[in-house]
K.L.:
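My questions will all concern the structure given below.
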Amino acid sequence: MSVIAMALMGLLFVSESLAFARTEMATSIELDINDNKHIRINFNVSMLDVHCDYVVVDVLDALGTNKQNITKNVEKWQLDADGVRRAFSGRNREMRDLVHEQHSPEKLAELQQLVQDEENHAIELTDEASYDEYLKTHEVAFIDFYAPWCIWCQRLHPTWELFAQEVYKEKMPVGVAMVNCVEHNDLCRRADIRAFPVLRWFSNGEAVVPDYNMDRTVSALVSFSKRRLETNEKLKDWQKRKAMEQADSGDRNRNMMAGSVNPGCEISGHLMVNRVPGNFHIEARSKSQSINPTMANLTHQVHHLSFGDPLEETTRKHKRILKQVPDDHKEFAPLDGQMFATGSYHQAWHHHIKVVSTHFIMGDGKANRLMTYQFLEQSQIVYYQDEDIPEARFAYDISPMSVVVKKERRKWYDYLTSLCAIIGGTFTTLGLIDASLYRVLKSKKVD
């Protein structure tokens, strides 16, 4: 009986010790006690068909906050045709206010009369055939792509006519023309006109990038044209010298100046927003141009989106905690790496996000605690009216509840109590069995 007692206690000791060494993850839902007034949003998004000059980030929330074109802690990178970073486009950079020429009513009337009476004014290109012919017959051309409804185009129009007059007076070898993108929409699509006005320089029939984006005054336009002509002459001399050494050097250099810049832009950074429902959205907008709604393509790829302090910047203590967290409790950035393509214009993806604060408690003391955010998302395509500019919207809602993930293990005193209970229970149980057997066997002997 003693051998049986020892074997049984040994088995129970081993089982209890294994149970004491084992830990479990317990999850509970509690009222969020986080008293932070703001929450950080970390983002890295590539707009594959919007130029960095036009990409802006706005924030709206339920408290009435309306912040437009946020540039603080935001940087932009121009992308090549493969979506790879090509050139740094600035950090914390505000859009520049352009200077516009001011014209008196008398000057406008005089200009209108000159346009009617003389031929030395900006040529209106009326179709694709005249556009192609104009580029063929003019080695150097400067063309204004405009829309009659655009206020910036209306302000530029008299300045452009005066610029054409100045080019004629100084006998500059530059063809000055205009294209109405409302009447010739297909032509402007072919030229990839995404905003109005676009002032584009052409050399030997090819567009020279980037487009003109400086002050819109006659003097500024004339100075720009002279610099371009000087550059063109220097380029020709350089090509002649290099032609004797390498036949294709001229073509290679022309490719560096001509062509079209891929409009993609990678925008990244972080925002500090109120802990209330709201949204931040990325769209195309400019201080001095009107965006062409028929060419606004909001296809984008989310490289990263998360809430709270970036986990990659956390301390070794926090990394140690995260290693112990099960994968099903690591929904920190479920949108990362996803592509959201639009099949046509006048539509964009909207992302609806439910943010839940999550408390990880991996032991006693602050060193074993971490508070971060998880979120669930649902995305859908939203359709816009033809005259509206679409936007890639990220709408978020902060849950008043929080998820608590806690590592639980038995207390040492509970373990000792169980061991004592095993010893006492084993001896008590076997003692009762021994006494019962003794009485049964003794009664049989008496009989």
Side-chain angles (χ1 to χ4, degrees), residues 47-55 78 81 98 121-138 140-161 163-164 174-214 216 221 224 228 257-265 283-299 342-348 384-391:
M47 309 302 295
L48 301 182
D49 205 26
V50 182
H51 197 278
C52 283
D53 289 345
Y54 305 137
V55 172
Q78 294 180 18
L98 301 183
H121 60 81
I123 304 301
E124 185 81 34
L125 304 179
T126 57
D127 53 34
E128 293 195 35
S130 64
Y131 173 81
D132 293 335
E133 182 63 25
Y134 193 83
L135 293 181
K136 287 180 181 179
T137 55
H138 291 78
V140 176
F142 204 5
I143 300 179
D144 171 22
F145 295 87
Y146 73 97
W149 51 262
C150 168
I151 184 63
W152 304 110
C153 301
Q154 296 169 17
R155 295 182 65 179
L156 174 65
H157 184 73
T159 303
W160 194 249
E161 290 290 355
F163 165 64
V174 179
V176 181
M178 301 184 297
V179 175
N180 186 332
C181 287
V182 174
E183 295 182 358
H184 311 292
N185 186 43
D186 292 338
L187 172 57
C188 291
R189 279 183 178 272
R190 170 185 151 191
D192 198 30
I193 303 302
R194 299 172 179 272
F196 305 118
V198 168
L199 307 180
R200 183 164 294 171
W201 186 273
F202 291 86
S203 179
N204 296 317
E206 294 187 0
V208 178
V209 296
D211 293 329
Y212 180 83
N213 58 0
M214 292 179 283
R216 295 172 186 167
L221 291 167
F224 171 80
R228 283 290 192 188
M257 293 188 62
S260 60
V261 175
N262 185 73
C265 180
E283 63 175 311
R285 191 169 65 246
S286 174
K287 277 188 174 182
S288 55
Q289 290 175 294
S290 298
I291 302 300
N292 184 357
T294 64
M295 292 289 287
N297 179 6
L298 272 294
T299 293
T342 54
S344 62
Y345 298 107
H346 308 299
Q347 59 181 238
Y384 288 77
Q385 299 294 328
D386 291 350
E387 65 275 9
D388 294 333
I389 307 297
E391 59 187 26

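None of these values were measured; they are calculated from a predicted model.
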K.L.:
About how many Å separate OG of Ser130 and NE2 of His184, when rounded to the nearest 0.5 Å?
P.N.:
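Interatomic distance, His184 NE2 to Ser130 OG, rounded to 0.5 Å: 7.0 Å.
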K.L.:
For a quick test of reading the model, state the closest non-hydrogen atom pair linking Tyr384 to Gln347 and the distance between them.
P.N.:
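In this case the closest contact between Tyr384 and Gln347 is CD1-CA, 4.1 Å.
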K.L.:
Closest heavy-atom contact between Tyr345 and Asn297?
P.N.:
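Reported closest heavy-atom pair: CE2-CB, 3.8 Å.
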K.L.:
Do you know the tightest heavy-atom contact between Ala348 and Pro390?
P.N.:
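Nearest pair, atom of Ala348 first, then Pro390: CB-CB, 3.9 Å.
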K.L.:
Nearest 0.5 Å, what's the CG-CD distance between Leu298 and Glu283?
P.N.:
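The distance works out to 8.0 Å.
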K.L.:
Given ring-ring contact (aromatic ring centres under 6.0 Å, His included), test Trp201 with Phe224 step by step and report yes or no.
P.N.:
CA-CA 10 Å; Trp201 186 273; Phe224 171 80; 5.8 Å; yes
K.L.:
List the atom of Phe145, the atom of Cys188, and the distance in Å for their closest heavy-atom pair.
P.N.:
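For Phe145 and Cys188, the tightest heavy-atom pair comes out as CD2-SG, 4.1 Å.
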K.L.:
If you take all heavy atoms of Trp160 and Leu199, which pair is closest and at what distance?
P.N.:
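Closest pair (atom of Trp160, atom of Leu199, distance): CZ3-CD2, 3.9 Å.
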K.L.:
Hey, could you give me the CZ/CZ distance between Arg194 and Arg189, rounded to the nearest 0.5 Å?
P.N.:
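Nearest 0.5 Å value for the CZ-CZ distance: 10.0 Å.
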K.L.:
More than 12 heavy atoms of other residues, nucleotides or ligands under 6.0 Å from CD of Glu387: yes or no?
P.N.:
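It does: Glu387 CD has more than 12 such atoms within range.
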K.L.:
Just verifying a value: how many Å separate His346 NE2 and Ile389 CD1, rounded to the nearest 0.5 Å?
P.N.:
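Answer rounded to 0.5 Å: 9.0 Å.
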K.L.:
Looking at Pro148, is its backbone amide N or carbonyl O close enough to the side chain of Gln154 to form a donor-acceptor pair, meaning the two atoms are under 3.5 Å apart?
P.N.:
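Yes; judged by distance alone, with no hydrogens or angles, the pair exists.
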K.L.:
Asp49 versus Thr299: any side-chain heavy-atom pair under 4.5 Å?
P.N.:
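Of all side-chain heavy-atom pairs linking Thr299 with Asp49, none is under 4.5 Å.
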K.L.:
I'd like to know if Arg190 and Asp132 make a salt bridge, using a cut-off of under 4.0 Å between side-chain N and carboxylate O.
P.N.:
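Result for this pair is yes, salt bridge flagged.
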K.L.:
Nearest 0.5 Å please: distance from the CG atom of Asp211 over to the CG atom of Asp192.
P.N.:
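One finds 9.5 Å between CG of Asp211 and CG of Asp192.
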K.L.:
For Ala122 versus Met178, what's the shortest heavy-atom pair and its separation?
P.N.:
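Minimum heavy-atom contact is CB-CG, 3.9 Å.
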K.L.:
Atom CZ in Arg216, atom SG in Cys153: separation rounded to 0.5 Å?
P.N.:
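Separation between the atoms: 7.5 Å.
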K.L.:
Got Arg228 and Val208 here, is their nearest side-chain heavy-atom distance under 4.5 Å?
P.N.:
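Touching, per the 4.5 Å side-chain cut-off.
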K.L.:
Consider ring pair (Phe, Tyr, Trp, His ring centres under 6.0 Å). Of Trp149, Tyr146, Trp152, which one does Phe196 pass it with?
P.N.:
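One option only clears the test, and that one is Trp149.
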K.L.:
My understanding is that only residues two or more places apart in sequence, or in another chain, count here; which of them pass salt bridge (charged side-chain N to carboxylate O under 4.0 Å, His left out) with Lys287?
P.N.:
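Expected list: Asp97.
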K.L.:
Please answer whether the main-chain N or O of Pro197 pairs with a side-chain N or O of Gln289 as donor and acceptor at a distance below 3.5 Å.
P.N.:
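Side chain of Gln289 to backbone of Pro197, a donor-acceptor pair under 3.5 Å: yes, one is there.
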K.L.:
Verify side-chain contact (heavy atoms from CB on, under 4.5 Å) between Phe202 and His138, making sure each step is shown before the conclusion.
P.N.:
CA-CA 9 Å; Phe202 291 86; His138 291 78; over 6 Å; no
